[in-house]
Undergrad: 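Sharing a structure below in structure tokens format, with a few things to ask.
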2 protein chains.
Amino acid sequence: MVTRERPTLEAVARRAGVSRATVSRVVNGSTTVAASIRDAVNQAVEELGYVPNQAARSLVTQRTESIALILPETASRVFSDDMFFPAVIRGVSTELEAADKQLVLMMAGSAASHDRVERYAMAGHVDGVMFASMHGADPLPGKLARLGIPVVCSGRPMSPAGNTVPYVDVDHFGGVAAAVRHLVGAGRRRIATIAGPQDMIAGVDRLAGYRAVLTEAGLPEHVTTGDFTRESGEQAMQRLLTEDPELDAVFVASDLMAHGALQALRERGRRVPLDVAVIGFDDFEIARYSDPPLTTVRQPIVDMGRTMAKLMLTLVDDPTEVAAPVVLPTELVLRDSA
Amino acid sequence: MVTRERPTLEAVARRAGVSRATVSRVVNGSTTVAASIRDAVNQAVEELGYVPNQAARSLVTQRTESIALILPETASRVFSDDMFFPAVIRGVSTELEAADKQLVLMMAGSAASHDRVERYAMAGHVDGVMFASMHGADPLPGKLARLGIPVVCSGRPMSPAGNTVPYVDVDHFGGVAAAVRHLVGAGRRRIATIAGPQDMIAGVDRLAGYRAVLTEAGLPEHVTTGDFTRESGEQAMQRLLTEDPELDAVFVASDLMAHGALQALRERGRRVPLDVAVIGFDDFEIARYSDPPLTTVRQPIVDMGRTMAKLMLTLVDDPTEVAAPVVLPTELVLRDSA
DNA sequence: TTGAAAGCGCTAACAT
DNA sequence: ATGTTAGCGCTTTCAA
């Protein structure tokens, strides 16, 4: 298995009896080339199996035709049973595929990998950077943006300087409010919540929705927190039941946590929804397959990914473009659990 | 937000009062640089926020420090509820991360994207290419290998020329054989199977394991096929029950299909394992959470990914290396369903 | 319409 | 130990 030399523009030019410039024009689809010459060049390209060297091309065009999606999470987390990441990636990759851009997926769950990602982006490896699942007030988006690299976030950034970076998010607050109002409307009076991590905007906004409605209804709050995993949901539910054995409803900030909560309720002998009503958030497949099927808040994550990618593509085309934030609607989906 | 010019080696050199070569040496950690000069250079790098241009670097080194993982599947499939892909990716990315290589994840579910991936690899965008979840006799691995690009496959290639490309796989046959023997040993006599797609080596090998044991035991075969999705498992189980209402066991070639099968069995009023024993394959989390928990064959997919990545790293370091195939062991995990 | 030539930013001989 | 220099393969003026 010898590393056969890959043919260069030069080789194609010689074979076709033209200059490098002409070959370059043909390869890049310039219209100002005579048909006969174009055919000759194409034939030489074919015969030699020529493929342009991307490094050389990027060096002069300053374009790589690829775009990064950065997930500040470990690979184990991204590829766990949390269907959030798959959905975002699916949306993003659909849109980039259509634009013939290469998606470069980067996990940055550790400080070291966070650095690597930063250098990677700054080294000009990609034409733009998208972020999803951000924690805390990550300075990286702002930093890259200030360097002139197009940046889009999915999820409203928590950083104070967040307003400098365009973002796409879903209406967490509205969705949760609808869910909790549903519980109130059904006569539930001891409504607890398992909130998401408070270093993420999704966790914060969903908790805010819960609080707003309970305040409005004059009902007491009962808050505990998980980290969006099934296990954390199960444990959180156990805590809630211990603290208030009489609770009659719980809004859980993710379907996966809700699944864990259902498990805990079952173990404690509570019937759902008879004794305790449960509402989740996400509308992932697990919501339909759980027992009982889960009433939940549908959020259009795939769409969010697509929208984010589209935004990115316009920014890459014209970096002076000023992109406004986009917020996508959410919707309560009624099933058996509440 | 202006595209601020990024500083070059030249700029750093001027600022530090040295030559470009010296800066290059410092940046690349050469030891033959005087400490005082090294410090001066590092300071200039710091002040200017210099980051090497990867395109320029690759152009001369012929290295990109990134490695592709190609999944000949649509993004929807890769990011569905099939935990195979996440597991592979997790293993691969763990290993590449440790080696400070960038993983470039590419989905190639359509003919068009398959082409794009081919061009991408041939354009020298990556130092090596790994394949997983291959269908049929894909010529791409062989083609890239012949061009001198390091290639490793996860899953024994089905192509006749497959022996030219190193691969890592798990012992499908052995695992399935253990599973079906368990059924036979438990007194089951009408043992059906829901096989995987027959254009994939995992589908073929697992079916072979089933057939071998039934032949050995002198029992009749009853085969139907799915595509590894839950839905296909559910439908396949319905077919089996219609064709043989008396069947008392079924080996299902994936946990996800087994989950669908359990659903179908429930709908048809069969008790598991009392009426029908079920064994799956994968040992994904769903096997523990299904009702009843699923006896299944554990395959070390994360390890397979890691092993594949390690192999790739040695090949990238020394392309003349001849890598032998690796086959990892599988293991029957007993739970309630059989 | 085509070709000649000047780089893009970097590394790696080779000189000193 | 440091500098000089010659490209890596490509695109893109500028001339012809």
Side-chain angles (χ1 to χ4, degrees), chain A residues 3-42 44-45 48-65 119-120 122-127 147-148, chain B residues 3-42 44-45 48-65 119-120 122-127 147-148:
Chain A
T3 302
R4 204 187 297 175
E5 292 293 310
R6 288 211 249 306
T8 68
L9 252 201
E10 179 70 41
V12 176
R14 266 203 311 274
R15 175 143 195 151
V18 298
S19 72
R20 271 157 40 204
T22 299
V23 176
S24 174
R25 288 184 189 107
V26 172
V27 168
N28 292 288
S30 163
T31 50
T32 69
V33 180
S36 64
I37 289 202
R38 194 181 54 227
D39 294 346
V41 169
N42 280 328
V45 164
L48 265 39
Y50 170 75
V51 177
N53 176 312
Q54 187 55 44
R57 188 177 256 176
S58 294
L59 189 54
V60 34
T61 59
Q62 309 279 30
R63 285 292 203 98
T64 65
E65 306 301 329
R119 292 203 319 273
Y120 189 84
M122 292 182 60
H125 236 310
V126 289
D127 299 336
L147 283 165
Chain B
T3 301
R4 204 189 298 175
E5 291 294 310
R6 287 209 249 307
T8 67
L9 252 202
E10 180 70 41
V12 177
R14 265 202 311 273
R15 177 145 196 149
V18 298
S19 73
R20 269 157 42 202
T22 299
V23 177
S24 175
R25 287 186 190 105
V26 173
V27 168
N28 291 289
S30 164
T31 50
T32 68
V33 180
S36 64
I37 290 202
R38 194 181 53 229
D39 294 347
V41 169
N42 279 329
V45 164
L48 264 39
Y50 169 75
V51 176
N53 177 311
Q54 187 54 45
R57 189 175 254 176
S58 295
L59 189 55
V60 37
T61 60
Q62 309 279 31
R63 286 288 204 102
T64 65
E65 306 301 327
R119 291 203 320 271
Y120 190 83
M122 294 184 58
H125 237 308
V126 290
D127 299 336
L147 283 165

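Here the structure is a predicted model, which means the values were calculated and not measured. By convention in this document, chain letters (A, B, ...) are assigned in the order of the sequence lines, proteins followed by strands, and residues within each chain are numbered from 1. Computation of the quantities below employed the complete heavy-atom set of this structure, encompassing side-chain atoms and omitting hydrogens, waters and symmetry-equivalent molecules.
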Undergrad: Can you give the first and last nucleotides of DNA chain D, 5' to 3', that have an atom under 4.0 Å from a heavy atom of chain B?
TA: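 Range of nucleotides within reach of chain B: D:dA1 to D:dG9.
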Undergrad: According to side chain to side chain contact (heavy atoms under 4.5 Å, CB included), who are the partners of A:D39, at least two apart in sequence or on a separate chain?
TA: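 Once residues adjacent in sequence are excluded, A:D39 has no partner under the side chain to side chain contact (heavy atoms under 4.5 Å, CB included) criterion.
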Undergrad: Can a donor-acceptor pair be found, under 3.5 Å and without considering hydrogens, that links the side chain of B:R25 to the backbone of B:T32?
TA: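 The answer is no, because no donor-acceptor pair under 3.5 Å joins these two groups.
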Undergrad: Starting from the first five and the last five pairs of the helix from C:dT1-D:dA16 to C:dT16-D:dA1, work out the angle between the resulting helix axes, to 10 degrees.
TA: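 Result, rounded to 10 degrees: 40°.
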Undergrad: Can you name the side chain to side chain contact (heavy atoms under 4.5 Å, CB included) partners of A:N42, sequence neighbours left out?
TA: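 By the side chain to side chain contact (heavy atoms under 4.5 Å, CB included) rule, A:N42 matches A:V26, A:R38.
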Undergrad: Which whole-number value in Å describes the distance from B:R57 CZ to C:dC8 P?
TA: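 For the pair B:R57 CZ and C:dC8 P, the rounded distance is 19 Å.
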Undergrad: Mapping B:L59 and B:T31 to their closest nucleotides on DNA chain D, which lands nearer the 5' end?
TA: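 Nearest nucleotide further toward 5': that of B:T31.
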Undergrad: I need the CG-P distance between A:N53 and C:dC10, as an integer number of Å.
TA: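 These atoms are roughly 16 Å apart.
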Undergrad: Applying side chain to side chain donor-acceptor pair (under 3.5 Å), name anything that partners A:T31, two or more places apart in sequence or on another chain.
TA: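 Applying side chain to side chain donor-acceptor pair (under 3.5 Å) to A:T31 gives none.
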Undergrad: Sequence neighbours left out, what passes side chain to side chain donor-acceptor pair (under 3.5 Å) with B:N53? Give chain and number order.
TA: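 Not a single residue meets the side chain to side chain donor-acceptor pair (under 3.5 Å) criterion with B:N53.
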Undergrad: Report all interatomic pairs (protein N or O, nucleotide N or O of nucleotides 2-5 of chain C) with separations under 3.5 Å.
TA:
| from | atom 1 | to | atom 2 | distance (Å) |
| --- | --- | --- | --- | --- |
| C:dT2 | OP2 | A:A34 | N | 2.6 |
| C:dG3 | OP2 | A:S19 | N | 3.1 |
| C:dG3 | OP2 | A:S19 | OG | 3.1 |
| C:dG3 | OP2 | A:T22 | OG1 | 2.5 |
| C:dG3 | N7 | A:R25 | NH1 | 3.3 |
| C:dG3 | N7 | A:R25 | NH2 | 3.4 |
| C:dG3 | O6 | A:R25 | NH2 | 2.5 |

Undergrad: I'd like to check the side chain to side chain contact (heavy atoms under 4.5 Å, CB included) partners of B:R20; sequence neighbours left out, ordered by chain and number.
TA: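 Result, side chain to side chain contact (heavy atoms under 4.5 Å, CB included) vs B:R20: B:L9, B:E10, B:A13.
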Undergrad: Quick one: side chain to side chain contact (heavy atoms under 4.5 Å, CB included) partners of A:V18, sequence neighbours excluded?
TA: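 A:V18: side chain to side chain contact (heavy atoms under 4.5 Å, CB included) contacts with A:A16, A:T22, A:V23, A:I37, A:V41.
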Undergrad: Would you say B:R6's side chain and A:M122's backbone share a donor-acceptor pair under 3.5 angstrom?
TA: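 It does hold such a pair.
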Undergrad: Taking side chain to side chain donor-acceptor pair (under 3.5 Å) as the definition, give me every residue that meets it alongside B:T8, ordered by chain and number, with sequence neighbours left out.
TA: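 With sequence neighbours excluded, B:T8 shows a side chain to side chain donor-acceptor pair (under 3.5 Å) to no residue whatsoever.
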Undergrad: Without decimals, in angstroms, what is the distance between B:Q54 CD and C:dC8 P?
TA: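 The distance from CD of B:Q54 to P of C:dC8 comes to 19 Å, rounded to the nearest Å.
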Undergrad: Run the salt bridge (charged side-chain N to carboxylate O under 4.0 Å, His left out) test against A:R63 and tell me which residues pass, sequence neighbours left out.
TA: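 A:E65.
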Undergrad: So, is B:N28 close to the C:dT11 phosphate, meaning a side-chain N or O under 4.0 Å from OP1 or OP2?
TA: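 B:N28 to C:dT11 OP1/OP2: side-chain N or O found under 4.0 Å.
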Undergrad: Take the protein atom NE2 of A:H125 and the nucleotide atom P of C:dG9, then report the distance between them rounded to whole Å.
TA: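 Rounded to whole Å, this separation is 16 Å.
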Undergrad: Return the set of residues passing salt bridge (charged side-chain N to carboxylate O under 4.0 Å, His left out) with B:R15 (not counting sequence neighbours), or none when no residue passes.
TA: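 Per chain and number, B:R15 pairs via salt bridge (charged side-chain N to carboxylate O under 4.0 Å, His left out) with B:E47.
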